[in-house]
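Bear in mind the structure is a predicted one, so any value in this text is a computation, not a measurement. Order of the sequence lines sets the chain letters (A, B, ...), proteins ahead of strands, with each chain counted from 1.
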Number of protein chains: 2
Amino acid sequence: MDKYDVLKLENKICFPLYACSKEIVKRYRPYLDVLDLTYTQYLALMVVWEKREVNVKELGEKLYLDSGTLTPVLKNLEAKGYVCRTRSTTDERVLNVKITDKGEALKDKALDVPQKVAGCVKLAPQEAVELYRLLHKILGNM
Amino acid sequence: MDKYDVLKLENKICFPLYACSKEIVKRYRPYLDVLDLTYTQYLALMVVWEKREVNVKELGEKLYLDSGTLTPVLKNLEAKGYVCRTRSTTDERVLNVKITDKGEALKDKALDVPQKVAGCVKLAPQEAVELYRLLHKILGNM
DNA sequence: TCAAATTAAATTGTATACAATCTAATTTCT
DNA sequence: AGAAATTAGATTGTATACAATTTAATTTGA
């Protein structure tokens, strides 16, 4: 044990988080490719599917993303016809993102994606629950 | 509970992993800014600091990154004078990345980064150990 | 009231990520 | 030996991420 051990990858929590996240996102790809969606587009759609209408600020808070990231993602989803973007009439600064019929139809095609990806995360059920709890504890504290 | 609940953010393990990873990486920024390093550059340097010399393939396996990502990162680190990149004499396909004196000097300046960032991950010690175990279990299975 | 401060998105610039492809070097196999 | 297959990096193209700045709209406060 020398003083440089703190600089080793194995001794960190951030690196496995980063690596795990990337590897699992990669597992989504084949299933999302079929739907012509990227993971970020899929994340954004999940929120719009649930709320039917949401503004960019709310979406950013849910997804931990800012408008610099979301603007092109949402323009892309609009170009594909899954959402429409309209300024709020009561506050022109606010952009509302609403699901379209085509976007609603996509929801049914996406239903089996979670289950298919879940197969590659081989944790016991109680381990998944614990991981979920720990991640949300970290997120809640920052 | 309807059939669309599987498409909610809260019901997934991947999204909190993705969000947690990004939020913690963000916490590195102020400390890495001082060293003129990005998180990815810092990750790469950690491996080079530990092994002194490593080729791109080995580095990619350690970091779960491919040459498409690593090539520009390593060129950047070379431009800053922290590493040098030289082709192996026994196999011209292989590119060796070696720490320089300047890179070695940077190691000491980076020593307190982990501790400073650790403060924002407010987990009990045994929770951090468990999180570490779960993440490596997932990584080991994929 | 109306200038100053704040806010929501968009834009700009830099740095990843990664799939797909390409190139050059090395191995394998007949 | 020499063609075919494999391998290591680099390149190309697309899509994030995010800090910093900008723009336009709204709210605050003297």
If I take atom [atom1] in residue [X] and atom [atom2] in nucleotide [N], what distance separates them, rounded to the nearest angstrom?
X: Leu95(A); N: dA25(D); atom1: CG; atom2: P; result: 14 Å
X: Tyr28(A); N: dC18(C); atom1: OH; atom2: C1'; result: 18 Å
X: Leu70(A); N: dA19(D); atom1: CG; atom2: C1'; result: 15 Å
X: Asp91(A); N: dA9(C); atom1: CG; atom2: P; result: 8 Å
X: Arg27(A); N: dA19(C); atom1: CZ; atom2: C1'; result: 15 Å
X: Leu32(A); N: dA19(C); atom1: CG; atom2: P; result: 13 Å

Open item on the list: With a 4.0 Å cutoff (strictly under), does any side-chain N or O of Arg85(B) reach OP1 or OP2 of dA10(D)?
Closed with: yes
TODO: Could you tell me whether the phosphate oxygens of dA8(C), OP1 or OP2, come under 4.0 Å of any side-chain nitrogen or oxygen in Asn55(A)?
DONE: no
Open item on the list: Is the ring pair Phe15(B)/Tyr64(A) parallel, tilted or perpendicular, if the boundaries are 30 and 60 degrees?
Closed with: tilted
Task: Parallel, tilted or perpendicular: ring planes of Tyr39(A) versus Tyr18(B), cut at 30 and 60 degrees - done: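 Perpendicular: the ring planes of Tyr39(A) and Tyr18(B) meet at over 60°.
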- [ ] Output, in order, the C-alpha distance, side-chain angles, deciding distance and verdict of side-chain hydrogen bond (donor to acceptor under 3.5 Å, both in side chains) for Ser88(B) and Thr90(B).
- [x] CA-CA 5 Å; Ser88(B) 161; Thr90(B) 54; 3.0 Å; yes
Task: Glu78(B)/Lys75(B) ion pair, N-O < 4.0 Å - done: no
Open item on the list: Check this for me: does any side-chain nitrogen of one of Glu58(B) and Lys62(B) sit under 4.0 Å from a carboxylate oxygen of the other?
Closed with: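 Salt bridge between Glu58(B) and Lys62(B), a charged N being under 4.0 Å from a carboxylate O: no.
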Open item on the list: Both Leu74(A) and Glu23(A) contact DNA chain C. Taking the nearest nucleotide for each, which residue is further toward the 5' end?
Closed with: Leu74(A)
Open item on the list: Closest-nucleotide mapping onto DNA chain C: is Val94(A) or Glu92(B) further toward the 5' terminus? I mean the 5' end.
Closed with: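 It is Val94(A), whose closest nucleotide lies nearer the 5' terminus.
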Task: Intermediate values then yes/no, side chain to side chain contact (heavy atoms under 4.5 Å, CB included), Tyr4(B) and Asp108(A) - done: CA-CA 8 Å; Tyr4(B) 296 116; Asp108(A) 281 297; 2.9 Å; yes
Open item on the list: Under 4.0 Å, counting only non-hydrogen atoms across every strand here, what does Ser88(A) touch: a base, just sugar-phosphate, or nothing?
Closed with: nothing
Can a donor-acceptor pair be found, under 3.5 Å and without considering hydrogens, that links the side chain of [X] to the backbone of [Y]?
X: Arg87(A); Y: Asn96(A); result: no
X: Lys102(B); Y: Lys80(B); result: yes
X: Trp49(A); Y: Ile99(A); result: no
X: Thr100(A); Y: Gly103(A); result: yes

TODO: Over all heavy atoms of both residues, which pair between Leu74(B) and Val56(B) is shortest? Give the atoms and the distance, please.
DONE: CD1-CG2, 3.8 Å
- [ ] Determine the minimum heavy-atom distance between Ala44(A) and Leu59(A), stating which atoms define it.
- [x] O-CD1, 4.1 Å
Task: 5'-most by nearest nucleotide on DNA chain D - Ser67(A) or Arg87(B) - done: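 The residue mapped nearer the 5' terminus is Arg87(B).
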So which protein nitrogen or oxygen atoms get under 3.5 Å of nucleotides 15-17 of chain D's nitrogens or oxygens?
{"residue": "dT16(D)", "atom": "OP1", "partner": "Thr38(A)", "partner atom": "OG1", "Å": "2.7"}
{"residue": "dT16(D)", "atom": "OP1", "partner": "Thr40(A)", "partner atom": "OG1", "Å": "3.4"}
{"residue": "dT16(D)", "atom": "OP2", "partner": "Gln41(A)", "partner atom": "NE2", "Å": "2.9"}
{"residue": "dT16(D)", "atom": "O3'", "partner": "Thr40(A)", "partner atom": "OG1", "Å": "3.2"}
{"residue": "dA17(D)", "atom": "OP2", "partner": "Thr40(A)", "partner atom": "OG1", "Å": "3.0"}
{"residue": "dA17(D)", "atom": "OP2", "partner": "Tyr18(B)", "partner atom": "OH", "Å": "2.6"}

Please list each protein N or O that sits under 3.5 Å from an N or O in nucleotides 2-7 of chain D, with the distance.
{"residue": "dT7(D)", "atom": "O2", "partner": "Arg93(B)", "partner atom": "NH1", "Å": "3.0"}

Open item on the list: Could you work out how much the helix from dT1(C)-dA30(D) to dT30(C)-dA1(D) bends, comparing the axis of its first five pairs with that of its last five, to 10°?
Closed with: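 One end's axis against the other's: 10°.
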